[in-house]
Amino acid sequence: MNQDCQNILAENLTMVTEFLLLGFSSLGEIQLALFVIFLFLYLAILSGNVTIISVIRQDQSLHTPMYFFLGILSTSETFYTFVILPRMLINLLSVARTISFICCAIQMFFFLGFAMNNCLVLGVMGYDRYAAICHPLHYPILMSWQMCGKLAAACGIGGFSASLILVNLVFSLPFCGANKVNHYFCDISPVIHLACTNTDVYEFAVFICGVLAIVVPFLFICVSYVCILKTILKIPSAEGRQKAFSTCASHLTVVIVHYGCASYIYLRPTANYVSSKDRLVTVMYTIVTPLLSPMVYSLRNKDVHIALRKVWGKNRALKLNN
């Protein structure tokens, strides 16, 4: 009898070969309006991040560690949104919103990999500002190009290694029939929620990875900015203090939004999934944050303003000469 039950269970475990992404299907006709809004935002994200990357590459004055990591962040966010948004846009106009088991795992792997890479890069950018303001004389040594390369590689390897571990854990779970993912992409919490076994250990592993990827870099950034604030307050002139703090304001704005949203979603010890609230917060960090980064850095940063004018001026001159 036990053998028969095991055979039936084994057959059921192989039943789920694809997932159904519910996304915004409950909103009915509003989905068309959402498609237009999200398409506009996606194009804005692409154009903003590509502009930042191009300007940093073309303007020699921006070939510094700070803008090197900004370029990496913009590149990572471009791929990060590419993993999610095109399929979400297609699903908004489609009746069939299925995604295969393997494609779901691949999407989750790249999403988590780029998301954790972004968290780590923001942490490194905080260290870069600390080194520049608190130790200006040692800055060329502390943030040499060799060190920048190592830090960038460590962010990528760390983010995608943790992502690989998490995806392996999630997709080693048995999925016995329920296949409706209450989300617009294969995020970790709603997928775990479909498993037909006890997931406490897996949820705890997700929580620990969330702490390592979100809390540790955030605490590192907080410590860096406490030291930065102490140093800035010692600067005698108000103009000097303002100039020092202006180089940090853009980074701080992005950090608050990015870590705030990510903490709400992933720093919970259980996979209890509140669909409407979680989806709204997820929209913030999958769409608004990647759009916010280039906007904040281009609108608030004088160096980027000057570089943009230079690049546009060069391109216009080339067109006129041709």
Side-chain angles (χ1 to χ4, degrees), residues 49 52-53 56 65-84 104-132 142-172 185-189 191-192 201-225 251-252 254-269 282 285-286 289-290 293:
N49 281 303
I52 290 288
I53 295 163
I56 290 171
M66 175 182 170
Y67 293 106
F68 169 73
F69 287 110
L70 175 57
I72 289 174
L73 181 65
S74 293
T75 303
S76 181
E77 287 188 334
T78 301
F79 286 110
Y80 167 77
T81 52
F82 180 74
V83 170
I84 302 165
C104 186
I106 291 170
Q107 186 184 57
M108 188 185 291
F109 168 72
F110 282 108
F111 165 72
L112 291 174
F114 285 118
M116 286 189 273
N117 178 66
N118 291 348
C119 288
L120 296 173
V121 169
L122 285 169
V124 170
M125 290 173 78
Y127 171 72
D128 171 73
R129 292 300 82 209
Y130 162 77
L142 292 173
M143 293 301 292
S144 64
W145 285 115
Q146 187 178 9
M147 178 58 70
C148 288
K150 288 178 179 178
L151 288 171
C155 291
I157 293 168
F160 280 96
S161 296
S163 176
L164 184 62
I165 293 167
L166 285 174
V167 171
N168 276 329
L169 282 173
V170 171
F171 286 90
S172 65
F185 71 99
C186 286
D187 201 0
I188 196 162
S189 292
V191 173
I192 282 182
V201 174
Y202 297 87
E203 290 163 19
F204 183 70
V206 172
F207 177 73
I208 293 299
C209 281
V211 169
L212 293 175
I214 298 170
V215 176
V216 173
F218 182 70
L219 288 176
F220 186 76
I221 291 169
C222 290
V223 171
S224 297
Y225 274 103
H251 178 250
L252 269 175
V254 175
V255 163
I256 290 167
V257 176
H258 186 89
Y259 282 96
C261 295
S263 298
Y264 175 81
I265 295 293
Y266 296 107
L267 294 185
R268 291 179 289 183
T282 307
Y285 75 80
T286 56
T289 304
S293 298

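No hydrogens, no waters, no symmetry mates; every other heavy atom, side chains included, goes into these values. Note that this is a predicted model, so its numbers are computed, not measured.
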Query raised in the report: Above 12 or not: heavy atoms from other molecules or residues under 6.0 Å from CZ of Phe110?
Result: no

Requested in this report: Taking the side chain as every heavy atom from C-beta outward, state whether Leu151 and Met143 have any pair of such atoms under 4.5 Å apart.
Outcome: yes

Report summary line: For Cys119 and Ile214, the nearest pair of non-hydrogen atoms, with its separation, is SG-CG1, 4.3 Å

**Report entry** Main-chain N/O of Ile84 paired to Gln107 side chain as donor or acceptor, under 3.5 Å
**Finding:** no

Report summary line: On a heavy-atom basis, the closest approach of Ser161 and Ile157 is OG-O, 2.6 Å

Report summary line: Distance col, row Ile221:CD1 vs Leu122:CG, nearest 0.5 angstrom, shows 6.0 Å

Report summary line: Correct closest heavy-atom pair for Gly126 and Ser224 would be O-CB, 3.9 Å

Query raised in the report: Which atom pair, heavy atoms only, marks the closest approach of Ile53 to Gly71?
Result: CG1-O, 4.0 Å

Query raised in the report: How long is the span from the CZ atom in Phe79 to the CG atom in Asn117, to the nearest 0.5 Å?
Result: 11.5 Å

Query raised in the report: Going by heavy atoms in the side chains, are Phe111 and Thr286 under 4.5 Å from each other?
Result: yes

Query raised in the report: Under the criterion side-chain contact (heavy atoms from CB on, under 4.5 Å), which of Val170, Leu169, Leu166 is the partner of Ile192?
Result: Val170

Query - Given Tyr127, Tyr225, Tyr130, the one that forms side-chain contact (heavy atoms from CB on, under 4.5 Å) with Phe220 - result: Tyr127

Query raised in the report: Quick one: CG on Leu120 to CG on Leu73, what's the gap to the nearest 0.5 Å?
Result: 11.5 Å

Query - Verdict with reasoning, Phe68 to Asp128, per side chain to side chain contact (heavy atoms under 4.5 Å, CB included) - result: CA-CA 11 Å; Phe68 169 73; Asp128 171 73; over 6 Å; no

Query - Exam field: side chain Ser76 to backbone Ile72, donor-acceptor pair closer than 3.5 Å - result: no

Report task. Quick one: do Leu212 and Met116 satisfy side chain to side chain contact (heavy atoms under 4.5 Å, CB included)? Show the steps, please. Result -> CA-CA 9 Å; Leu212 293 175; Met116 286 189 273; over 6 Å; no

**Report entry** Backbone of Gly159 reached by a side-chain donor or acceptor of Ser163 within 3.5 Å
**Finding:** no

Requested in this report: List the steps and the verdict of side chain to side chain contact (heavy atoms under 4.5 Å, CB included) for Phe218 and Val215.
Outcome: CA-CA 5 Å; Phe218 182 70; Val215 176; 5.7 Å; no

Query raised in the report: Are Phe160 and Phe114 close enough that their ring centres sit under 6.0 Å apart?
Result: yes

Query raised in the report: How many angstroms lie between CZ in Phe204 and SG in Cys209, if you round to the nearest 0.5 Å?
Result: 10.5 Å

Query raised in the report: Which heavy atom of Ala213 sits nearest a heavy atom of Pro217, and at what distance?
Result: O-CG, 3.2 Å

Query raised in the report: How long is the gap from CE on Met125 to OH on Tyr67, to the nearest 0.5 Å?
Result: 9.5 Å

Requested in this report: Mind checking the CG-OH spacing from Leu219 to Tyr259? Nearest 0.5 Å is all I need.
Outcome: 10.0 Å

**Report entry** Main-chain N/O of Leu164 paired with Asn168 side-chain donor or acceptor, under 3.5 Å
**Finding:** yes

